[in-house]
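Here's the structure, in structure tokens; my notes come after.
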Amino acid sequence: MGLKVAKFGGSSVADGIQLAKTKQIIEEDIDRRYVVLSAPGKRYQGDSKITDLLYMCQMHVEHNLPYEQVFQVICDRYMAIQIHLGVNANLLKEFDVIKENLKAGASADYIASRGEYLISLLMAKFIGYDFLDTAGLVQFDKNGRFLVEETNNTLGEELRKHEKAVLPGFYGTYPDGTIKTFPRGGSDITGAVVARAACADIYENWTDVSGFLTADPSIVKNPKPIGSLSYKELRELSYMGASVIHEDTIYPARAANIPINIRNTNKPEDIGTMITSEEIIHEGQIITGIAGSKDFTVMAIYKNNMNAERGFVRRILGILEDYDITVQHMPSGIDTVSVVVPNSHLNGRLDEVLGDIWNNLKPDSVDVFEDMSLIATVGCGMSRRRGVAAKLFSALADAGVNIRMIDQGSSEMNIIVGVENKDFDASIKAIYSAFIEQTAQTTA
Ligand code: ASP
């Protein structure tokens, strides 16, 4: 018998109908012994996620505003689910406890965590699994840093006492027992942490898409799905905006070499995307996927004999650090170095930052390109092929796109180009057409 950890996202537990599908998936495979859940997400466009409603309640209390109506909406959703599933988890008592804590000024983390907690209680009853609270098992230090090894040991020990269990995702506890959440979307991380602690054979991440696609479907029509992907490629694609799972999900899974399989609760027959440590190069496939993000600023700093000046780059980074701005990329050439920063970090302070750069570094010139996009073309098969960069650049040139920056990481599985925001869609379409559409045609 194998062991699978199955994590279900917000859309898979959004209402009774979705929970029934989730139950069927779990019961179809006896290896699916540990189940990790997100809080109920949106049931339809325009609906609210339970987590958002919980945060809203807490904000209302914090600002002395009436919160009862929002709280009631949350209770009603759980009651409707409970009735639909035909189980009894004594929800009224649970709501009372949460309400008391809310009124007493409980933290946003605690309130938000109740979304996962309540749905896991209901699900455990519905499928007849033990309910195993992650409070006390998933551990953070007093500064909020996730305690990787401590969690792995404590959680592993506890899991061994339960043959089958449902665990709420997203949260754990500080050393004093108060609740601390992972970042938004963090139930994916809990799933990977549980998979590692349970020594699972596979970590299944069930969501509402059948895995990763080679490009964003809102830009490219019907992009090809990605059947398999390495952890490293996944990291590059997620970092650049391909958002199917939380990017930090990779680390626990990779530490224990557990494959991650992204699956679709609404189409369980689809095999989804398999993510492993292996870098598989498929015949006729040069790249694995394309992803990108908008709204960066590039500051290209020139100074004659820059390389002879000690600490030049350190001083640039120091200035940015003083403004609490992170550097996303730093392509350099002889006598030039460019820093790429997110517009959201600059937050209207570009002139001040430039002023400090001029005063401290006395450059010969600084060119600034605002409203830039970064587009990553990712694939472990790229490094062993000749002409990939040339093909990429000519595809963009043919599409009339002006490349403002090029950065090829030392991993050689990623070429990042900087283009103007207005050229973002056209660039992705051109790269897709050159590397995926045309390759598919020639290998067909
Ligand atoms: N419920 C949390 C959120 O909405 C965590 C998760 O769903 O992964 O961010």
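Both counts, for ligands and for their atoms, begin at 1 and track the order of listing.
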Please report whether ligand 1 has a polar contact with K7, defined as an N or O pair separated by less than 3.5 Å (distance criterion only). no

Item checked: Ion pair check, K7 and D188, cut-off under 4.0 Å -> yes

Ligand 1 N/O within reach of G185 N/O, cut-off under 3.5 Å: yes

for atom 2 (C) of ligand 1, nearest protein heavy atom and its distance come out as E116 OE2, 3.4 Å

| request: Return yes when G186 approaches ligand 1 closer than 4.0 angstrom through a heavy atom, no otherwise. | output: yes

**Message:** So, 4.0 Å and heavy atoms of G10: is ligand 1 close enough to count as a contact?
**Reply:** no

Requested in this report: Using a strict cut-off of less than 4.0 Å between a Lys/Arg side-chain nitrogen and an Asp/Glu carboxylate oxygen, indicate whether E149 and R196 qualify as a salt bridge.
Outcome: yes

More than 12 heavy atoms of other residues, nucleotides or ligands under 6.0 Å from NZ of K125: is that the case?
no

Check: If you measure from each heavy atom of H246 to ligand 1, is any distance below 4.0 Å?
Finding: no

Residue, atom and distance of the protein heavy atom nearest atom 7 (O) of ligand 1 read S38 OG, 3.1 Å

| said: Over 60° means perpendicular and under 30° means parallel, so tell me whether F95 and F71 are parallel, tilted or perpendicular. | reply: perpendicular

In this structure, atom 3 (C) of ligand 1 is nearest to the protein heavy atom R184 NE, 3.3 Å

Presence of salt bridge, R263 and D270, under 4.0 angstrom: no

Item checked: Q69 atom CD: more than 12 heavy-atom contacts under 6.0 Å -> no

among protein heavy atoms, the one nearest atom 6 (C) of ligand 1 is S187 OG, 3.3 Å

